[in-house]
Amino acid sequence: MEFLKKIEEKWQKRWEEAKIFEADPNPEKPKYFITVAYPYPNSPQHIGHARTYTLADVHARYMRMRGYNVLLPMAFHYTGTPVLAMSKRLAENDEELINDFVNVYKVPKEKLKEFTDPLIMARYFHEEIKEGMRKIGYSIDWRREFTTIDSYYNRFIEWQFNKLRQKGYITCGSHPVGWCLKDGNPVGQHDTIGDVEPEIGEFILIKFKQGKTIFPTATLRPETVFGVTNLWVNPQARYVKAKVDNEEWIISQESTEKLLNQNRKVQVLETFLGKRLIGTFVESLVNQAKIVILPADFVDPKNATGIVMSVPGHAPYDYVALENIKKEHEKLKEYGFKPEKIEQIKPISLIAVPGYSDIPAADVVKKMKITEQLDPKLEDATKEVYRQEFHNGKMKTNTGKYYGMSVAQAREEVKQDLVAEGKATTMYELVNRPVKCRCGEECIVKILQDQWFIDYGKPEWKTLAHKCLNKMEILPEELRTEFEYVIDWLHEKACARKSGMGTKLPWDKEWIIESLSDSTIYMAYYTIARHLKKCQIRPEQMTDEVFDYIFLGEGNIYKVAEKVDLNTEILERMRQEFLYFYPLDSRHSGRDLIHNHLTFMIFNHIAIFPEKLWPRQIVTNGSVMMEGVKMSKSFGNIIPLQEGLEKFGADPVRLSVLSTAELLQDAEFNPHIAKSMIDKLEKLYRFAIQITKIRNKENEKRQVEAFDLVDKWMLSRLQRRITDATEAMEKMSVRKAIHCILYELDQDLRWYQKRTARKHKKDSVKKDVLRQVLETQILMLAPVAPHICEEIWEIIGKKGFISISPWPKPNLEKIDIKAEESEELLINLLEDTENIIKVTKTKPRKIFFYVASAWKWKVYLKALEKSMQGKIELKELIQNALKVGRKPKEVVKFAKKVIEQIKTIPEKKKRNLIKIRGVDERKIIGDAKEFLRGRLQADITVYVERDRGIYDPKRKAAMAMPLRPAIYIE
RNA sequence: GCGGGGGUGUCCGAGUCUGGUCAAAGGAGACAGGCUUAGGACCUGUUGCCGUAGGGCUGCGUGGGUUCAAAUCCCAUCCCCCGCACCA
């Protein structure tokens with residue numbers, strides 16, 4: 001472990017000194033531009049983050065070895081509110097957060113005090129993250145680093161937004177959001193206790209009249225208004241009479257604040273207990289029915305208006321509450337009701353649902369055995385009725401013009417009609433309330449006014465986005481449909497907030513562009529970032545005209561440069577560097593960003609850049625699990641990256657996060673896996689040392705003739721592994737590549753070592769083969785585990801960095817089908833023999849192998865050829881065989897067997913066998929006699945089945961098939 | 001609800017696109033043996049059921065179908081995971 005550390009530091013230093021990852025435009029070389037979503041510096045990175053970044057780095061390193069001039073830059077995303085929020089929580093001495101910072105993130109205590117300044121916190125984690133990226137060995141060109149609050153960057157984003165606005169993609173309007181009254185801020189999932197997403201629903205407020213006073217009853221099911229039998233009010237809750245806009249409303253006290261935040265004018269006139277309303281009558285504006293107000297405990301004054309219309313036929317709550325109250329004679333008297341009057345209230349049926357009676361609410365309540373209106377099971381009951389009626393329900397005749405409609409359709413139409421006629425209005429409410437802000441306050445819904453949006457809903461924009469997507473490579477390809485879906489689904493996206501760090505909206509400085517909107521085309525900015533600093537350009541020199549020239553080639557360079565007093569040469573250099581690296585060849589990120597960032601990137605690129613500069617590829621990956629649980633701060637199971645590197649080393653961590661899962665899946669990380677990677681690398685290292693120790697006296701030139709079949713087999717396999725690994729890397733199936741390079745190749749190697757263990761005389765040949773394998777193996781492993789590979793590269797005497805050495809190409813001349821078939825024969829033979837030994841439970845002293853005679857091979861090959869051409873006719877085959885075979889009986893038996901067997905051979909193998917005209921089984925087995933004797937612990941004798949003087953007491957020899965020698969053990 | 005991904009042996013996990021070499025790679029665990037003072041590490045073997053000759057049976061969520069042949073193709077069905085924003 002310690003030695004791994006030393007190796008890492010050594011090579012990181014050398015890379016930096018040699019500047020091998022700094023990419024400048026080079027017209028001689030094809031470029032490849034990779035970016036990965038920049039990190040947000042509100043905490044250190046953990047092993048989970050490492051997956052995405054390591055994948056991008058592996059991609060970069062691979063492409064570099066493929067001969068590309070690769071640019072992999074990095075920046076830091078300061079934009080947004082989370083740093084501010086954390087800073088505030090620290091200032092308030094939030095214990096949980098302080099604990100995280102000190103014990104999990106290992107922030108020195110004295111540093112913590114400074115973190116009440118959000119910028120200091122961001123800078124701290126910025127450096128922390130950067131340090132981690134160096135220590136894990138990413139091949140980043142750090143000269144291009146920036147943050148999103150750099151003044152140049154601000155100018156860049158202003159340019160982008162001006163562009164978007166010019167193109168008509170920016171709109172302004174109102175928008176409902178989850179809101180905390182105490183903080184005065186919108187509330188998203190990460191701002192709530194328990195990370196609950198505030199779900200906003202639109203309630204319909206159906207108005208009932210009492211004189212001039214309006215009772216706005218809140219419902220999600222306006223179509224049931226035809227079944228209203230009464231209203232519900234909570235007798236213990238406080239209600240108010242208030243002037244709302246131009247009407248007088250009775251509503252719960254809690255609802256006044258909500259209405260205020262939804263842009264209504266509210267003036268409270270009077271406050272009283274709900275009790276006072278009980279027993280009074282209201283009139284339906286829909287059918288003029290007069291209905292009574294009854295008390296109900298289930299009515300929650302905090303939900304919407306706190307006034308509920310009762311539809312006992314189709315709402316389980318209402319049904320149970322009505323049944324309850326009918327039995328509570330005492331209470332009824334208290335309110336001055338005559339029990340008989342209440343008894344007369346009967347549920348009204350207005351929706352027909354197959355499989356249910358006229359009163360579905362009653363069915364479900366009875367089924368679930370619910371008797372009390374505060375029974376939590378009522379939630380499920382409501383859901384069931386809601387779902388059934390929504391999908392299968394039809395409106396009955398008593399619903400007038402809505403008769404015959406589906407519930408889904410009627411709901412929409414009733415809503416629209418009532419609202420249009422002024423008989424109803426709407427109100428937003430959180431449908432999953434209560435949702436509590438981290439400050440403890442219960443969230444409400446607020447309608448934000450004059451909110452700025454990027455309108456991703458524009459059809460022509462979507463069309464272009466699809467066009468771009470169609471041309472892009474999406475890895476893994478399975479997720480393409482998801483992108484299609486997101487493109488269609490996106491609509492106006494609020495693009496600015498009132499707080500947080502970032503760039504101000506250029507035309508409305510009160511607003512700050514939020515983080516998902518200022519991170520869509522910044523990849524372009526990387527191409528010029530280093531010049532801005534190096535040439536000491538002032539931010540104000542970077543006007544929109546300058547950006548237009550650099551990125552779009554618009555305007556006259558002399559005029560543009562003169563206007564802002566900029567050197568034309570510098571301006572042109574920036575333009576050329578942008579044109580050299582753009583378009584973006586590959587964009588990496590976690591797959592969770594498909595729904596926003598990655599798709600926004602597509603939209604914004606096509607909005608601003610010409611088609612030939614659109615992004616070319618997106619690579620996404622799943623997250624990292626820790627013992628089966630997603631690694632995240634809220635689960636308390638994170639391993640900070642630097643801690644992980646300290647414990648396990650860079651290469652093992654890199655291998656661990658990439659080798660356990662393909663792109664789409666979640667990867668598993670645990671100390672166990674990391675440990676096994678360490679072992680694996682150490683083994684590889686020892687193997688390398690061992691090889692260098694086998695000293696070779698003469699030079700290493702060797703004729704192919706000196707190679708045995710096994711040697712040829714090993715080299716042949718090596719070529720195939722190269723092909724497979726390369727193919728996997730092309731698709732960023734790094735897991736597959738690692739398995740191929742590290743595990744499958746090792747398996748081959750193990751077989752080779754076993755086979756050659758006794759061949760002392762040919763050490764130099766063996767060394768030559770092993771060297772070739774090792775060299776190829778570390779070349780292919782270098783993108784994933786670069787440090788150890790550099791070290792081994794040096795040990796085996798190679799010059800220069802492995803990181804910029806060419807990726808191996810398969811040498812097709814070394815692919816040796818004959819050698820492969822021969823070894824396969826041995827592998828199968830060994831397996832069969834061992835199986836017999838196992839089953840017979842004998843300890844063999846002598847083993848006899850009888851290989852098929854020449855005529856069988858002839859027939860066999862003929863059959864193979866026939867099967868390749870189409871069907872094999874048994875008759876034809878037999879006739880053919882009779883010409884070469886002897887006893888007809890034997891021939892027929894054999895031919896039948898051949899036909900059976902040949903069916904299961906894959907085409908490829910058939911072709912190979914035909915090509916090499918079979919193999920010399922006697923020679924192969926004979927040559928491997930020593931090996932087989934060692935493995936089977938018995939004397940080995942090989943015969944061809946018709947050999948003279950053959951020893952065959954059990955008459956096994958005749959059973960021999962090509963590639964399947966008969967076996968006799970004694 | 002909509003959209004996406006997935007269900008394989010004790011467990012994890014390949015294989016599915018391109019049907020046959022698939023009782024199904026590779027791990028892990030378990031068992032036996034070697035090494036070792038002992039433990040760990042390492043090495044060898046076994047690990048669905050039956051079988052004294054390389055074989056047979058069952059088997060890849062469930063039920064059907066196509067085919068000489070299905071983990072793989074088609075249809076239906078059940079279950080699990082993720083996303084549905086104004087937030088990184």
Side-chain angles (χ1 to χ4, degrees), chain A residues 37 39-40 42-43 77 79-83 85 175-178 186-192 195 197-200 386-387 390-391 408 448 451-454 456 476-486 488-497 500 514-517 519 590-597 599-600 622-623 628 630 659-662 664-666 668 672-673 675-676 679 683 735-736 739 742-744 746-747 824 828-829 831-842 871 899-910 954 956 959 963-969:
Chain A
Y40 190 77
N42 69 336
S43 59
H77 201 192
T79 311
T81 51
V83 172
H175 180 66
V177 293
V187 179
Q189 184 175 344
H190 57 280
D191 303 312
T192 61
D195 280 340
E197 178 72 42
E199 284 175 49
I200 297 168
Y386 191 103
R387 200 176 52 232
F390 185 79
H391 292 292
L448 284 181
Q451 173 70 52
W452 292 99
F453 298 95
I454 300 180
Y456 293 117
E477 178 61 33
E478 287 96 314
L479 292 179
R480 181 181 294 278
T481 42
E482 197 151 346
F483 277 98
E484 302 276 6
Y485 176 78
V486 175
D488 286 333
W489 166 81
L490 281 177
H491 48 266
E492 298 100 326
K493 151 86 188 156
C495 64
R497 316 183 91 195
E514 62 82 47
S515 58
L516 286 169
S517 301
S519 56
R591 61 178 290 196
D592 46 333
L593 295 187
I594 293 174
H595 297 266
N596 42 56
H597 165 72
T599 311
F600 294 166
S623 48
K630 185 175 169 166
S659 68
T660 57
E662 257 346 316
L664 200 58
Q665 279 122 9
D666 292 331
E668 166 74 16
H672 208 88
I673 290 171
K675 183 71 183 35
S676 74
D679 293 343
K683 225 189 237 172
R735 189 202 112 93
K736 201 171 185 177
H739 272 248
L742 219 44
Y743 296 94
E744 289 172 23
D746 263 15
Q747 260 176 284
E824 201 174 320
N828 289 337
L829 185 65
E831 204 181 291
D832 276 350
T833 313
E834 279 170 342
N835 190 18
I836 295 169
I837 293 170
K838 198 184 103 198
V839 170
T840 55
K841 299 188 181 87
T842 51
K871 274 216 165 166
I899 288 180
E900 257 324 291
Q901 200 217 323
I902 269 178
K903 270 199 285 199
T904 65
I905 301 177
E907 291 239 330
K908 218 167 150 190
K909 183 166 175 152
K910 284 185 194 169
K954 286 273 166 83
K956 294 281 180 190
M959 281 170 65
L963 297 178
R964 202 94 209 266
I967 301 166
Y968 172 63
I969 292 173

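Below, chain A is the first sequence line, B the second, and so on; all start at residue 1. None of these values were measured; they are calculated from a predicted model.
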Next on the checklist: Generate the contact string for nucleotides 24-29 of chain B. Rules: B means base contact, S means sugar-phosphate contact only, - means no protein heavy atom under 4.0 Å.
Outcome noted: --S---

Could you list the protein-to-nucleotides 3-5 of chain B atom pairs, N/O on both sides, closer than 3.5 Å?
{"from": "G4(B)", "atom 1": "O2'", "to": "E482(A)", "atom 2": "OE1", "distance (Å)": "2.7"}

Item to check | With sequence neighbours excluded, residues passing salt bridge (charged side-chain N to carboxylate O under 4.0 Å, His left out) with K954(A) | outcome: none

Item to check | Partners passing salt bridge (charged side-chain N to carboxylate O under 4.0 Å, His left out) against K910(A) (at least two apart in sequence or in another chain) | outcome: none

Can you give me the N/O atom pairs linking the protein to nucleotides 15-20 of chain B at distances under 3.5 Å, or say none if there are none?
{"from": "G20(B)", "atom 1": "O2'", "to": "T904(A)", "atom 2": "O", "distance (Å)": "2.4"}

Item to check | Results of side-chain hydrogen bond (donor to acceptor under 3.5 Å, both in side chains) for E492(A) - residues two or more places apart only | outcome: none

Checklist outcome for this item: In RNA chain B, consecutive runs of at least three Watson-Crick or G-U pairs below 3.5 Å, as range with range, amount to B:1-7 with B:78-84, B:10-12 with B:26-28, B:29-34 with B:42-47, B:48-50 with B:55-57, B:61-65 with B:73-77

Checklist entry - Reading nucleotides 48-58 of chain B 5' to 3', which nucleotides get B (base under 4.0 Å from a protein heavy atom), which S (sugar-phosphate only), which -? => result ---BSBBS---

Item to check | With H739(A) via ring-ring contact (aromatic ring centres under 6.0 Å, His included) - residues at least two apart | outcome: Y743(A)

Next on the checklist: According to salt bridge (charged side-chain N to carboxylate O under 4.0 Å, His left out), who are the partners of D488(A), at least two apart in sequence or on a separate chain?
Outcome noted: none

Checklist entry - Partners of H175(A) by ring-ring contact (aromatic ring centres under 6.0 Å, His included), sequence neighbours excluded? => result F453(A)

Checklist entry - OP1 or OP2 of C86(B) less than 4.0 angstrom from a side-chain nitrogen or oxygen of S517(A), does that happen here? => result no

Checklist entry - Mind checking what makes salt bridge (charged side-chain N to carboxylate O under 4.0 Å, His left out) contact with D592(A), not counting sequence neighbours? => result none

